[in-house]
Amino acid sequence: MSLSPALSVMLRDYEPRQDRMRLDVLTSLSEGQKTLPCKYFYDARGSELFDAICELPEYYLTRTELGIMETHVAEMAAALGSQLLLVEPGSGSSLKTRLLLQHLQRPVAYVPVDISRSHLLAAAERLSRLYPELEVLPVCADFNQAFEVPAPSRKAKRNAVYFPGSTLGNFAPAEAVRLLDHMRHLAGPGGALLIGVDLQKDRTVLHRAYDDAAGVTAAFNLNLLERINRELGGNFDLARFRHRAGYNETEQCIEMHLVSLERQVVTVAGERFGFHAGEHILSERSYKYTVEGLKALACKAGLIMDKHWLDDRGYFCVACLRPKT
């Protein structure tokens, strides 16, 4: 654990070490279809770029989910209950969390979990200033791996897991079930999950959201290669790759790719990887759901959908899930 110098925020640090990143990247680039784990998008620069993406006119997800929250947050807070320990995997800037915290009845503590240490500490310190009575216990970790949830100084009546932003969509269905099962255990008996998922919609809307006119999403995608260059001794020439987004009808997901513009060889951590012109690295998938599809997925993880809320266009869903009794 380490103490933030700006405030008395104790950081539990399980950040993946460079050897873990090295193994993940080399393994992914060695596959028949080259891939890169999307969790490595979020270094300090990547986190800043994602915050910028959330402000784009094409990126409907954040403002649509926020609109649902603003309309129904009192019902959501009531569904979660009082005196909570609130855990948020992949907390990012904790923007929507502030709205939820304002409506929760006597929350005991908030545990933001994020892979980007600097971004996590900045968000945790902001929340500590905004809510001085709330114990903020940040954990730097890959939330898909094991980490210990810190115990607050006051005992909570129940746990709740908050997972907004449609991050569940970044996981293939079998992986999503395992993640939901992990969150069910975090919530525990009498606990709940409040989760946001993006719903299926017109393909044009999706393409614009993941390939914006200003090129911010392209910069976000290419920054992954820049991070590999910096941290793993890579020599990717970013000018020789371009961002591409497209909808996969079979998988019902939007995909982001990094496409090689020419035949080339790239070195990462001493390993050489050849690319032909037009070859692509799959950097992210974002699965899109129906409400019934989410119910079925939750059921496989031992959860039931207690309540759900939609926007007027049916673009997005926020659902309250509970462990089966």
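Just so it is clear, the model here is predicted, and its values are computed rather than measured.
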Inset, instruction - Begin from the C-alpha positions of E279 and S260 and carry the test side chain to side chain donor-acceptor pair (under 3.5 Å) through to its verdict. - result: CA-CA 5 Å; E279 185 175 0; S260 177; over 6 Å; no
Legend entry - Intermediate values then yes/no, side chain to side chain contact (heavy atoms under 4.5 Å, CB included), L186 and R184: CA-CA 5 Å; L186 286 177; R184 176 174 62 85; over 6 Å; no
Legend entry - Criterion side chain to side chain donor-acceptor pair (under 3.5 Å) on T204 and D202, from CA distance to verdict: CA-CA 6 Å; T204 303; D202 184 87; 3.2 Å; yes
Inset, instruction - Show your reasoning for whether side chain to side chain contact (heavy atoms under 4.5 Å, CB included) applies to F50 and F41. - result: CA-CA 9 Å; F50 184 72; F41 277 135; over 6 Å; no
Legend entry - Check against side chain to side chain donor-acceptor pair (under 3.5 Å), T64 and D311: CA-CA 7 Å; T64 302; D311 60 287; 5.4 Å; no
Inset, instruction - Would you sort out whether D43 and H119 count as a side chain to side chain donor-acceptor pair (under 3.5 Å), showing the intermediate values? - result: CA-CA 8 Å; D43 62 352; H119 212 60; over 6 Å; no
Legend entry - Evaluation steps, salt bridge (charged side-chain N to carboxylate O under 4.0 Å, His left out), between D142 and R20: CA-CA 11 Å; D142 172 2; R20 177 73 257 177; over 6 Å; no
Inset, instruction - I would like to know whether L238 and N223 meet side chain to side chain contact (heavy atoms under 4.5 Å, CB included); could you show each step before the answer? - result: CA-CA 9 Å; L238 274 62; N223 182 68; over 6 Å; no
Inset, instruction - Please report the C-alpha distance between L168 and D198 in whole Å, then the side-chain angles of each, then the deciding distance to 0.1 Å, and finally whether the side chain to side chain contact (heavy atoms under 4.5 Å, CB included) criterion is met. - result: CA-CA 9 Å; L168 187 69; D198 197 19; over 6 Å; no
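Here R244 contributes atom CZ and L282 contributes atom CG; the two are 10.0 Å apart, rounded to the nearest 0.5 Å. The CG atom of L321 sits 8.5 Å away from atom CG of L194, with the distance rounded to the nearest 0.5 Å. With rounding to the nearest 0.5 Å, the separation of CG in L36 from OG in S28 is 6.0 Å. Interatomic distance, K288 NZ to C253 SG, rounded to the nearest 0.5 Å: 9.0 Å. Distance OG1/T167 to CZ/F143: 6.0 Å, rounded to 0.5 Å. Between the CG atom of L61 and the CD1 atom of I53 there is a distance of 10.5 Å, given to the nearest 0.5 Å.
For the residue pair T27 and L23, the shortest heavy atom distance occurs at OG1-O, 2.7 Å. Scanning all heavy atoms of the two residues, the minimum distance from G81 to L104 falls at O-CD2, 4.3 Å. Closest approach of P323 and G191 over heavy atoms only: CD-O, 3.4 Å. Heavy-atom minimum distance, A245 versus D211: CB-CB, 4.2 Å. Minimum heavy-atom separation, L99 to L66: CD2-CD1, 4.2 Å. When all heavy atoms are compared, the tightest approach of N235 to N229 is N-OD1, 3.2 Å.
In the displayed structure, E55 atom CD is contacted under 6.0 Å by at most 12 heavy atoms of other residues, nucleotides or ligands. Few gaps surround NZ on K324; more than 12 heavy atoms of other groups in view lie less than 6.0 Å from it. Other residues, nucleotides and ligands contribute over 12 non-hydrogen atoms within 6.0 Å of the NZ atom of K34. Within 6.0 Å of the CZ atom in R263, the count of heavy atoms belonging to other residues, nucleotides or ligands does not exceed 12.
Proximity of the aromatic rings of Y247 and Y210 is defined here by a centroid distance below 6.0 angstrom, and this criterion is not met. Checked against a 6.0 Å centroid threshold, the rings of Y287 and F171 do not count as neighbours.
A 4.5 Å side-chain heavy-atom check between S166 and F316 finds at least one atom pair inside the cut-off. Contact of the S91 side chain with the L120 side chain is registered, since non-hydrogen atoms from C-beta on lie closer than 4.5 Å. Using a 4.5 Å heavy-atom cutoff, the side chains of K39 and N144 are not in contact. Considering only heavy atoms from C-beta on, V113 stays 4.5 Å or farther from V149 through its side chain. Proximity of P89 to M183: side-chain heavy atoms (C-beta onward) are separated by under 4.5 Å at one or more points. Looking at heavy atoms from C-beta onward, D114 lies out of side-chain contact with C140 at the 4.5 angstrom threshold. Looking only at side-chain heavy atoms (C-beta outward), V87 and N159 stay at 4.5 Å or farther from each other. Residues L49 and S47 fail the side-chain proximity criterion, which asks for heavy atoms closer than 4.5 Å.
Under the salt bridge (Lys or Arg N to Asp or Glu O under 4.0 Å) criterion, the residue pairs touching residues 62-79 are E65-K96, with sequence neighbours excluded. For residues 258-283, the pairs satisfying ring-ring contact (aromatic ring centres under 6.0 Å, His included) are F241-F275, H257-H280, with sequence neighbours left out.
Under the 3.5 Å distance criterion, with hydrogens and angles disregarded, no donor-acceptor pair is assigned to the side chains of Y110 and E135. For the residue pair Q200 / Q252, a side-chain donor-acceptor distance below 3.5 Å is found, with atom types taken as modelled. With no hydrogens or angles considered, a side-chain donor-acceptor pair links K201 and Y60 at under 3.5 Å. Donor-acceptor pairing under 3.5 Å is recorded for the side chains of D24 and Y40.
In the hydrophobic cluster analysis, where Ile, Leu, Val, Met, Phe, Trp and Tyr join through side-chain heavy atoms closer than 4.5 angstrom, L297 is grouped together with I195. The hydrophobic clustering, which links ILVMFWY residues whose side-chain heavy atoms are closer than 4.5 Å, places I304 and W309 apart. Under a hydrophobic-cluster definition in which Ile, Leu, Val, Met, Phe, Trp and Tyr are linked whenever side-chain heavy atoms come within less than 4.5 Å, directly or via other members, L84 and L130 are assigned to the same cluster. Linking ILVMFWY residues whenever their side-chain heavy atoms come closer than 4.5 Å, directly or via other members, places L310 and L193 in the same cluster. One hydrophobic cluster holds both L258 and V216 under the rule that ILVMFWY side chains link at heavy-atom gaps under 4.5 Å.
H182 places no side-chain N or O within 3.5 Å of a backbone atom of R178 that could act as its donor or acceptor partner. Looking at Y162, its side chain never comes within 3.5 Å of a backbone N or O of L100 through a donor-acceptor pair. Here the side chain of T290 pairs a donor or acceptor atom with the backbone of G293 at under 3.5 angstrom.
For E284, there are no salt bridge (charged side-chain N to carboxylate O under 4.0 Å, His left out) partners two or more places apart in sequence or in a different chain.
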